[in-house]
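Contents: one structure, followed by commentary.
Residues: numbered from 1 along the sequence shown. Quick note: numbers below take in every heavy atom, side chains included, and nothing from hydrogens, waters or symmetry partners.
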Amino acid sequence: MAGAASALFILDIKGRCLISRHYRDDISSVEAERFFTKLLENEEDIEAQGPVVFDNGVSHIFIRHNNVYLMAVSRQNCNVASLIAFLHKLADVFEYYFEELVEESLRDNFVVVYELLDEMMDFGYPQYTEATILSEFIKTDAYRLEVTQRPPMAVTNAVSWRNAGIYYKKNEVFLDVIESVNILVNSNRQLIRSEVGGALKMRTCLSGMPECKLGLNDRVLMDAQDRSSKGKCIDLEDIRFHQCVRLARYEKDRTISFIPPDGSFDLMTYRISTQVKPLIWVEAQIEKHARSRIEMLVKARSQYRERSNATNVQISIPVPSDATKPIVRTTMGAASYAPEHDSLIWRIRSFPGDKEYMLGAEFRLPSVAYEDPTPNKKTPIRVKFEIPYFTVSGIQVRHLKVIEKSAYQTLPWVRYITMAGEYEIRLQ
């Protein structure tokens, strides 16, 4: 098993230790001071420091949340990714208990913090990280901690993410298939980056201990079943599942089988690296009149099927920092000048497929007295949008079955959404 954490420290913004919990005897409290001293050495470039500080054979794995640092310390060759994920889970649990994770909330709840640290990690290995399960036997009221309570079933059985005895009058499953399109177009109008990242987000309102089975139009699954599907098959990459999914079953026959947590959770994430054309293509023609004004003509064209419709489209067009409020004309939507961002924001509430709209803008440059030979850093055009009932990859939910011993009727709801991720078009 990968090396475990030797201790956990919670520090304030000045590096003073608020809380420490030692799980092994190979680390002293002095390591917290050494970590912060090492961190301050790279104060000018903390972002480049990364989440790990290595000093004198000790690994300091940390995250910053508001005005506190959460840090795990180990002398062993530890699993850094696992500890970073645990620290983020720890922050989520603290927020669940205290509403907000800040220095003041930690000082007011020392007893609860230590109780949580004892339950969430044992001998340096992460244990229970679901806040809903922990809240059943660790109460925020210190007086309630004195009462001996029976651990919930979720702690004593194999399904640590779900309690027994859950009941709903109406049993429903909501599944959102959300895809983010990452696009980068260079100044020569060439597509140099194209990537689709997807996530299956679920919200379950199911009674008992149900077994769910999900089928997708995955190419490997279709080939394994030797089925000739009329629809499109896709190749999923970099798949990550929630802990409830039975990985052995998936590796065997590509069936996604699981007992879901109660409420909302991310069932899986994936990536598709096949090249996709930009869903909304933007062109900008800029004409500069020396020392006086700049004219801009922007064309936005949708490149998806006609029956689809993008909503909440926002196109951010960079303008010079010394520009005055421009005169703007649009064939659709409205535009507003955002001087704090040095940009012109064009908003279109509804953008049907296979349509083209135009924006014309003219603004003056009162502070320009000569042609500055220094080249300015060109900010790209950024686009945001959402397209409901549409996926770029063509992923489809073939079936979503819920099996429970009481055989109740379940209403499954599936929704598809495509949205813009890092969607940038560079200007000429």
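In this structure, His65 and Ala91 approach most closely via the heavy-atom pair ND1-CB, 4.0 Å.
The shortest distance between side-chain heavy atoms of Tyr423 and Ile280 falls below 4.5 Å.
Pairs of residues two or more places apart, or lying in two chains, never qualify as salt bridge (charged side-chain N to carboxylate O under 4.0 Å, His left out) while including a residue from residues 386-397. Screening residues 242-267 for ring pair (Phe, Tyr, Trp, His ring centres under 6.0 Å) gives Phe241-Tyr250, His242-Phe265 as the qualifying pairs, with residues at least two apart or on separate chains. The salt bridge (charged side-chain N to carboxylate O under 4.0 Å, His left out) contacts involving residues 76-95 comprise Lys89-Glu130, where partners must be two or more places apart or lie in separate chains.
In terms of the side-chain contact (heavy atoms from CB on, under 4.5 Å) criterion, residue partners of Asn188 (sequence neighbours excluded) are, by chain and number, Asn186, Gln190. Remark: Arg305 pairs with no residue by the salt bridge (Lys or Arg N to Asp or Glu O under 4.0 Å) rule, at least two apart or across chains. Here Asp12 pairs with Arg16 under the salt bridge (Lys or Arg N to Asp or Glu O under 4.0 Å) rule; sequence neighbours left out. Considering only residues two or more places apart in sequence or on other chains, Arg240 meets the side chain to side chain donor-acceptor pair (under 3.5 Å) condition with none of them. Under the rule for a salt bridge (Lys or Arg N to Asp or Glu O under 4.0 Å), Lys252 has no partner lying at least two apart in sequence or in another chain. Residues forming a side chain to side chain donor-acceptor pair (under 3.5 Å) with Ser302 (at least two apart in sequence, or on another chain): none. With sequence neighbours excluded, no residue forms a side chain to side chain donor-acceptor pair (under 3.5 Å) with Arg64. Not a single salt bridge (Lys or Arg N to Asp or Glu O under 4.0 Å) links Arg426 to another residue, sequence neighbours left out.
Between the side chains of Tyr168 and Asp262, at least one donor N or O sits under 3.5 Å from an acceptor N or O.
Residue Phe86 holds its CZ atom at 8.0 Å from OG1 of Thr129, rounded to the nearest 0.5 Å.
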N/O donor-acceptor pairs under 3.5 Å from side chains in residues 173-183, not counting sequence neighbours:
unit_1	atom_1	unit_2	atom_2	d
Asp176	OD1	Arg415	NE	3.1
Asp176	OD1	Arg415	NH2	3.4
Asp176	OD2	Arg415	NH2	2.7
Glu179	OE1	Val392	N	3.0
Glu179	OE1	Ser393	N	3.2
Glu179	OE1	Ser393	OG	3.4
Glu179	OE2	Tyr270	OH	2.6
Glu179	OE2	Ser393	OG	2.3
Asn182	OD1	Glu422	N	2.9

Given Glu195 and Arg193, is the salt bridge (Lys or Arg N to Asp or Glu O under 4.0 Å) satisfied, shown in steps? CA-CA 7 Å; Glu195 186 181 74; Arg193 182 194 176 199; 3.8 Å; yes

